[in-house]
Amino acid sequence: MDLSHLRQEYALETLDIDRVDPCPFVQFERWYHQASTAELLEPNAMILATVAPNGQPTQRTVLLKYFDVGGFVFFTNYGSRKARHIALNSRVSILFQWLPLQRQVEIGGTAERVSTAESLKYFLTRPRGSRLGAWVSHQSEIVSSRSMLEAKMQEMKQRFASKEVPLPSFWGGYRVKPTRFEFWQGRPNRLHDRICYEADEHQGWDRKRLAP
């Protein structure tokens, strides 16, 4: 299938190095707020890239649950493929893509587990079905059928029928601690605006404009 004829001209906004916030977390919060108020579908969806032991990169979409100057937090099964990769190589990349705004943000850094107390605090905010689902799925393992998962769900419903669903020991959060941000704004003629922030040795951030 030849897709070479597809074209989309970008001309909604500009991104100037003198107008972005000196702090990349503040700049991200500004853009995230705009994506949220634009009512985009799941603006907190981010593509997480990890590296397998054989050097093969892999990607999947996860949901950002909260962020601050300490980093960007998501939750998963600690036996999942992504978790196994992070255990061996904590360097990761996350990408937010907000196509209706002609924007994307790439963030590179390292991932580390959050505390059990932090995982529990979030876990208790999840709908009961999602909490049960965490017990059902041994993420990334081979399953024989969909019906097996549904049978396991019924088993968990019965097991915890008269009590709160506890936090599984194999489930919790990761915090991605950034060392690099890149903000991308689509522009006409493919001359896109790219502003990069890199952590410096004084715990500050250096800003640079990159060629598109």
Side-chain angles (χ1 to χ4, degrees), residues 10 12-36 38 40 42-76 78 80-115 118 172-187 190-212:
Y10 301 132
L12 285 180
E13 298 284 349
T14 63
L15 185 64
D16 192 280
I17 196 168
D18 296 323
R19 298 182 65 183
V20 296
D21 197 276
C23 175
F25 293 98
V26 174
Q27 182 64 34
F28 179 87
E29 184 173 13
R30 181 183 300 167
W31 270 23
Y32 181 83
H33 177 72
Q34 292 171 359
S36 180
L40 305 187
E42 295 197 299
N44 60 324
M46 61 186 190
I47 298 169
L48 168 70
T50 59
V51 180
N54 65 358
Q56 175 64 53
T58 62
Q59 302 172 80
R60 75 288 291 157
T61 302
V62 299
L63 296 179
L64 175 69
K65 289 305 176 180
Y66 49 89
F67 67 93
D68 55 27
V69 293
F72 296 76
V73 179
F74 68 93
F75 293 85
T76 189
Y78 286 143
S80 64
R81 182 180 64 173
K82 69 180 83 64
R84 295 196 301 269
H85 290 180
I86 291 171
L88 296 174
N89 181 353
S90 64
R91 284 178 284 190
V92 302
S93 177
I94 54 179
L95 177 71
F96 295 86
Q97 189 177 58
W98 300 313
L99 288 178
L101 301 181
Q102 301 174 358
R103 288 175 173 172
Q104 61 183 359
V105 183
E106 179 194 9
I107 301 169
T110 57
E112 60 182 34
R113 288 192 187 190
V114 305
S115 68
E118 189 170 346
Y174 285 94
R175 176 173 284 103
V176 177
K177 303 179 73 172
T179 56
R180 184 183 185 278
F181 288 75
E182 184 184 316
F183 293 83
W184 183 99
Q185 178 71 60
R187 296 296 305 279
R190 298 298 188 258
L191 296 179
H192 310 305
D193 288 331
R194 297 173 61 194
I195 305 299
C196 171
Y197 294 74
E198 292 186 328
D200 63 26
E201 59 186 11
H202 306 295
Q203 299 184 325
W205 296 92
D206 290 329
R207 281 175 289 167
K208 299 174 183 176
R209 173 176 283 276
L210 304 179

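These numbers come from the heavy atoms of this one structure, side chains and all, not from hydrogens, waters or symmetry mates.
Annotation: Tyr78 is in aromatic contact with Tyr174 [ring centroid separation under 6.0 Å].
Arg207 contributes a side-chain N or O that, together with a main-chain N or O of Ile17, makes up a donor-acceptor pair within less than 3.5 Å. A donor-acceptor pair under 3.5 Å links the side-chain atoms of Gln102 to the main chain of Leu12, judged by distance alone. Formation of a donor-acceptor pair under 3.5 Å by the Gln27 side chain with backbone atoms of Asp21 is found in this model.
When Phe28, Trp205, Trp31 are each tested for a ring pair (Phe, Tyr, Trp, His ring centres under 6.0 Å) with Phe181, only one passes: Trp205. Each of Pro22, Cys23, Pro24 was compared with Val26 under the side-chain contact (heavy atoms from CB on, under 4.5 Å) criterion, and only Cys23 meets it.
Aromatic ring pairs are classed by plane angle as parallel below 30°, tilted from 30° to 60° and perpendicular above 60°; the pair Phe96 and Phe72 is tilted.
Going from atom CD of Glu42 over to atom CG of Leu64 covers 11.5 Å, rounded to the nearest 0.5 Å. Atom CZ of Arg209 is separated from atom CG of Asp18 by 9.0 Å, given to the nearest 0.5 angstrom. For the atom pair CZ of Phe75 and NZ of Lys65, the computed distance is 9.0 Å after rounding to the nearest 0.5 Å. If you take CD on Gln34 and CG on Leu40, they are separated by 10.5 Å, rounding to the nearest 0.5 Å. Within the model, atoms OG1 of Thr50 and CD of Gln59 stand 9.0 Å from one another, a figure rounded to the nearest 0.5 Å. Going from atom CD1 of Ile47 over to atom CZ of Arg60 covers 11.0 Å, rounded to the nearest 0.5 Å.
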Take Leu15 and Val20 through the side-chain contact (heavy atoms from CB on, under 4.5 Å) test and state the conclusion after the steps.
CA-CA 7 Å; Leu15 185 64; Val20 296; 3.4 Å; yes
Please determine whether side-chain contact (heavy atoms from CB on, under 4.5 Å) holds for the pair Gln104 and Glu182, giving the CA-CA distance in whole Å, both sets of side-chain angles, and the decisive distance to 0.1 Å.
CA-CA 8 Å; Gln104 61 183 359; Glu182 184 184 316; 6.0 Å; no
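Summarising the local packing, CZ of Arg19 is surrounded by 12 or fewer heavy atoms from other residues, nucleotides or ligands at distances under 6.0 Å.
One finds no salt bridge joining Glu112 and Arg175 here, because no Lys/Arg side-chain nitrogen approaches an Asp/Glu carboxylate oxygen to under 4.0 Å.
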